[in-house]
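Quick caveat, the model's predicted, so the values are computed rather than measured.
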Amino acid sequence: IDEETLEVRAVEVTTSNVGDAPILPELLDQIAADEQIGSVTADGAYDTRKCHEAIAARGAAAVIPPRKNAKPWKPTRPGAVARNEALRASKYLGRAIWRQWSGYHRRSRVESKMNCIKLLGQSLMARDFDRQVAELQVRIAVLNGYTALGIPVTVAVA
């Protein structure tokens, strides 16, 4: 999901036996190679070498909190240096301050958009997996259409 436009840019539907982290490189491949990706923000489950390598290959910054038991990686692979810097910063600043400093809190906008997808229906009507994929793609197209019409601007009132 593009953080600024809140448009769903890539989607991959998997069965329940496939984790989220192995799919990240495929999601990034769905975005045209000539389009620049500024940063990829994800939760700690994506703190894997393959995810960091895929993000670094796209020239993007990874905003992924290191796992609680994380150890530094050898800086021989792409993404390892940035990940080690995030690990050092989170240990030095503390996890809460690191999240604020790194911009990790912006991930909540994306989580809100994921909630909107769920509001279109908690369950799928189709029984066949291919039809379920098509059903989800239609829902996302509808949601992107609504998003294109405009995003409400909210202002805090004292």
Participant: Can you pull out every salt bridge (charged side-chain N to carboxylate O under 4.0 Å, His left out) where at least one residue sits in residues 86-95? Sequence neighbours excluded, please.
Facilitator: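 Qualifying pairs: none.
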Participant: Has Arg109 got a side-chain atom pairing as donor or acceptor with Glu3's backbone, closer than 3.5 angstrom?
Facilitator: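 Looks like yes, one N/O pair under 3.5 Å.
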Participant: Check whether any side-chain heavy atom of Gln137 lies under 4.5 Å from a side-chain heavy atom of Val133, and answer yes or no.
Facilitator: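 They are in side-chain contact.
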Participant: What residues form a side chain to side chain donor-acceptor pair (under 3.5 Å) with Asn17, not counting sequence neighbours?
Facilitator: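 Residues passing side chain to side chain donor-acceptor pair (under 3.5 Å) with Asn17: Thr15.
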Participant: Taking only residues at least two apart or on different chains, which pairs with a member in residues 47-66 satisfy salt bridge (charged side-chain N to carboxylate O under 4.0 Å, His left out)?
Facilitator: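 Passing the test, one end in residues 47-66: Asp47-Arg83, Glu53-Arg77.
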Participant: Would Leu143 and Leu149 show up in the same hydrophobic cluster when neighbours are defined by side-chain heavy atoms closer than 4.5 Å?
Facilitator: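 Leu143 does not cluster with Leu149.
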Participant: Taking Val8 as the starting point, is it possible to reach Val138 by hopping between hydrophobic residues whose side chains are less than 4.5 Å apart?
Facilitator: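 No: no chain of side-chain contacts under 4.5 Å links Val138 to Val8.
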Participant: Can you tell me how far apart CG (Leu28) and CD1 (Ile37) are? Round to the nearest 0.5 Å.
Facilitator: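 Spacing of CG (Leu28) from CD1 (Ile37) equals 5.0 Å.
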Participant: Under the side chain to side chain donor-acceptor pair (under 3.5 Å) test, which residues partner Glu111, sequence neighbours left out?
Facilitator: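 In terms of side chain to side chain donor-acceptor pair (under 3.5 Å), with neighbours along the sequence ignored, Glu111 is linked to Arg107.
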Participant: Who else is in Leu87's hydrophobic cluster (ILVMFWY, side-chain heavy atoms under 4.5 Å, direct or via others)?
Facilitator: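 None; Leu87 is a cluster of one.
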Participant: Check side-chain contact (heavy atoms from CB on, under 4.5 Å) between Glu12 and all other residues, then give those that pass, not counting sequence neighbours.
Facilitator: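 Counting only residues at least two positions away or on another chain, Glu12 forms a side-chain contact (heavy atoms from CB on, under 4.5 Å) with Thr14, Ile23, Glu26, Leu27, Gln30.
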Participant: Decide whether Val13 and Val18 are clustered together by the hydrophobic rule: side chain heavy atoms of Ile, Leu, Val, Met, Phe, Trp, Tyr closer than 4.5 Å, transitively.
Facilitator: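 Unlinked, Val13 and Val18 end up in two clusters.
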Participant: What's the shortest heavy-atom distance between Ala21 and Pro25, and which atoms?
Facilitator: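 Taking Ala21 first and Pro25 second, the nearest heavy atoms are O-CD, 3.8 Å.
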Participant: Would you list the pairs meeting salt bridge (charged side-chain N to carboxylate O under 4.0 Å, His left out) in which at least one residue belongs to residues 134-148, sequence neighbours left out?
Facilitator: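 Pairs touching residues 134-148 that pass the test: Glu135-Arg139.
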Participant: Once rounded to the nearest 0.5 Å, what's the spacing between atom CD of Glu7 and atom CD1 of Ile140?
Facilitator: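 Here the interatomic distance stands at 11.0 Å.
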Participant: According to side chain to side chain donor-acceptor pair (under 3.5 Å), who are the partners of Arg67, at least two apart in sequence or on a separate chain?
Facilitator: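 Arg67 satisfies side chain to side chain donor-acceptor pair (under 3.5 Å) with no residue once adjacent residues are dropped.
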Participant: Got a sec, which hydrophobics cluster with Met125, joining ILVMFWY side chains under 4.5 Å apart, including via others?
Facilitator: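 Other cluster members: none.
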Participant: Measure the spacing between OG of Ser90 and CH2 of Trp101 and express it to the nearest 0.5 Å.
Facilitator: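 The OG atom of Ser90 sits 9.5 Å away from the CH2 atom of Trp101.
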Participant: Measuring from Ile64:CD1 to Ser39:OG, what's the distance to the nearest 0.5 Å?
Facilitator: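 Result: 10.0 Å between the selected atoms.
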Participant: In Å, rounded to the nearest 0.5 Å, how long is the span from CG of Leu119 to CE of Met114?
Facilitator: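 The CE atom of Met114 is 11.5 Å from CG of Leu119, to the nearest 0.5 Å.
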Participant: Grab the two heavy atoms, one from Ala89 and one from Trp98, that are nearest each other, plus how far apart they are.
Facilitator: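 In this case the closest contact between Ala89 and Trp98 is CB-CD1, 3.8 Å.
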Participant: Parallel, tilted or perpendicular: which describes the rings of Trp73 and His52, with under 30° parallel and over 60° perpendicular?
Facilitator: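 The rings of Trp73 and His52 stand perpendicular, inter-plane angle above 60°.
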Participant: Mind jotting down which residue pairs meet the salt bridge (charged side-chain N to carboxylate O under 4.0 Å, His left out) criterion with at least one end in residues 28-37? Sequence neighbours excluded, please.
Facilitator: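 Checked against salt bridge (charged side-chain N to carboxylate O under 4.0 Å, His left out) - neighbours excluded - the pairs reaching residues 28-37 are Arg9-Glu35.
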Participant: Within the structure provided, determine whether Val110 and Asp2 are in side-chain contact (heavy-atom separation under 4.5 Å).
Facilitator: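 No, too far: nothing below the 4.5 Å cut-off.
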Participant: Checking Glu85 now: which residues fulfil salt bridge (Lys or Arg N to Asp or Glu O under 4.0 Å) with it, not counting sequence neighbours?
Facilitator: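 Result, salt bridge (Lys or Arg N to Asp or Glu O under 4.0 Å) vs Glu85: none returned.
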Participant: How about Tyr146: does its OH atom have over 12 heavy atoms from other parts shown lying under 6.0 Å from it?
Facilitator: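 12 or below, so no.
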Participant: State the OH-CG distance between Tyr46 and Leu24, to the nearest 0.5 angstrom.
Facilitator: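 Nearest 0.5 Å value for the OH-CG distance: 6.5 Å.
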Participant: Between Asn144 and Leu6, which heavy-atom pair has the shortest distance, and what is it?
Facilitator: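 So the two residues come closest at OD1-O, 4.4 Å.
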Participant: Which atom names give the shortest non-hydrogen contact between Tyr104 and Pro65, and what distance separates them?
Facilitator: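 What the structure gives for the nearest pair is CE1-CD, 3.3 Å.
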Participant: I want to check something: taking the side chain as every heavy atom from C-beta on, are Val11 and Leu136 in contact at a cut-off of under 4.5 Å?
Facilitator: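 No, side chains not in contact.
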Participant: With sequence neighbours left out, what residues match Thr147 under side chain to side chain donor-acceptor pair (under 3.5 Å)?
Facilitator: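 If we apply the side chain to side chain donor-acceptor pair (under 3.5 Å) test to Thr147, skipping adjacent residues, the hits are Lys113.
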